[in-house]
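The structure displayed is predicted, hence computed values, not measured ones.
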Amino acid sequence: MTTSPDDRATARLEEQVEKQARRMKQAEREKRTLLGQTIYLGTLGLMFVLPVVAGAYLGEWLDSLTAAYEVHWTVSLIVLGVVVGAVNVYLFLRE
């Protein structure tokens, strides 16, 4: 007894529908909670802000070592901190 092409197509269609239903159920179970989303956004914020703040403090300290009031190191390291923070966030979001 052989199966017709229609029977095989129907079986494949049923298999695909069952596979998609399993994926949808799994996605529903793994849905992020409000607390999980808040932690995720907080992590992104810290990944961006910490290099900026560290650059500002390091730049201020380096500028304080000179006799004249200058902000060259502070501004430069804040800009560097923004770049490093942006790269951190980009790499984290790519995962």
Side-chain angles (χ1 to χ4, degrees):
M1 181 174 180
T2 62
T3 58
S4 69
D6 289 338
D7 291 341
R8 284 182 284 199
T10 303
R12 269 186 287 158
L13 179 62
E14 287 177 358
E15 183 180 315
Q16 288 176 351
V17 169
E18 287 175 4
K19 185 177 179 181
Q20 288 177 355
R22 283 193 304 270
R23 282 183 176 173
M24 289 175 65
K25 286 179 183 177
Q26 181 180 4
E28 192 66 33
R29 281 192 306 266
E30 295 175 356
K31 190 174 181 181
R32 289 189 176 166
T33 63
L34 180 63
L35 179 62
Q37 290 176 348
T38 303
I39 291 171
Y40 184 75
L41 289 176
T43 302
L44 285 178
L46 282 176
M47 290 178 79
F48 185 77
V49 169
L50 285 179
V52 175
V53 171
Y57 277 115
L58 181 61
E60 180 64 29
W61 177 72
L62 289 172
D63 283 336
S64 71
L65 297 178
T66 60
Y69 178 75
E70 297 179 9
V71 291
H72 298 294
W73 282 109
T74 304
V75 172
S76 299
L77 291 179
I78 287 175
V79 170
L80 180 65
V82 168
V83 170
V84 169
V87 169
N88 280 341
V89 169
Y90 173 73
L91 293 175
F92 186 74
L93 289 177
R94 268 188 59 195
E95 287 182 3

- Message: For T74 and Y57: C-alpha separation, side-chain torsions, deciding distance, then whether side-chain contact (heavy atoms from CB on, under 4.5 Å) applies.
- Response: CA-CA 8 Å; T74 304; Y57 277 115; over 6 Å; no
- Query: Could you walk me through whether F92 and T43 pass the side-chain contact (heavy atoms from CB on, under 4.5 Å) check?
  - Reply: CA-CA 10 Å; F92 186 74; T43 302; 4.2 Å; yes
- Item | Side-chain donor/acceptor of S76 to backbone N/O of W73, under 3.5 Å | no
- Task: Please say whether more than 12 non-hydrogen atoms of neighbouring residues, nucleotides or ligands are located less than 6.0 Å from CD in Q37.
- Result: yes
- Distance from K19 atom NZ to Q16 atom CD, nearest 0.5 Å? 8.0 Å
- Query: Do you reckon I78 sits in the same ILVMFWY cluster as M47, going by side-chain contacts under 4.5 Å, direct or chained?
  - Reply: yes
- In this structure, CD1 of I39 is separated from CG of L34 (nearest 0.5 Å) by 10.0 Å
- Query: Are L62 and V52 connected in a single hydrophobic cluster, I mean Ile/Leu/Val/Met/Phe/Trp/Tyr linked by side-chain heavy atoms less than 4.5 Å apart?
  - Reply: no
- Message: Out of the candidates R8, E14, R12, only one should pair with T10 under the side-chain contact (heavy atoms from CB on, under 4.5 Å) rule; please name it.
- Response: E14
- Query: With Q26, which residues qualify under side chain to side chain donor-acceptor pair (under 3.5 Å), at least two apart?
  - Reply: E30
- Message: Assigning hydrophobic clusters by single linkage (Ile, Leu, Val, Met, Phe, Trp, Tyr; side-chain heavy-atom cutoff under 4.5 Å), is V79 placed with V53?
- Response: no
- Task: Group every Ile, Leu, Val, Met, Phe, Trp and Tyr by side-chain heavy-atom contacts under 4.5 Å, then state whether L91 and V84 land in the same group.
- Result: no
- Just wondering, are more than 12 heavy atoms of other shown residues or ligands nearer than 6.0 Å to OH in Y40? yes
- Nearest heavy-atom approach of P51 to N88 is CG-ND2, 3.9 Å
- Task: Is it possible for you to say whether Y90 and F48 belong to one hydrophobic cluster, with membership spreading through side-chain heavy-atom contacts below 4.5 Å?
- Result: no
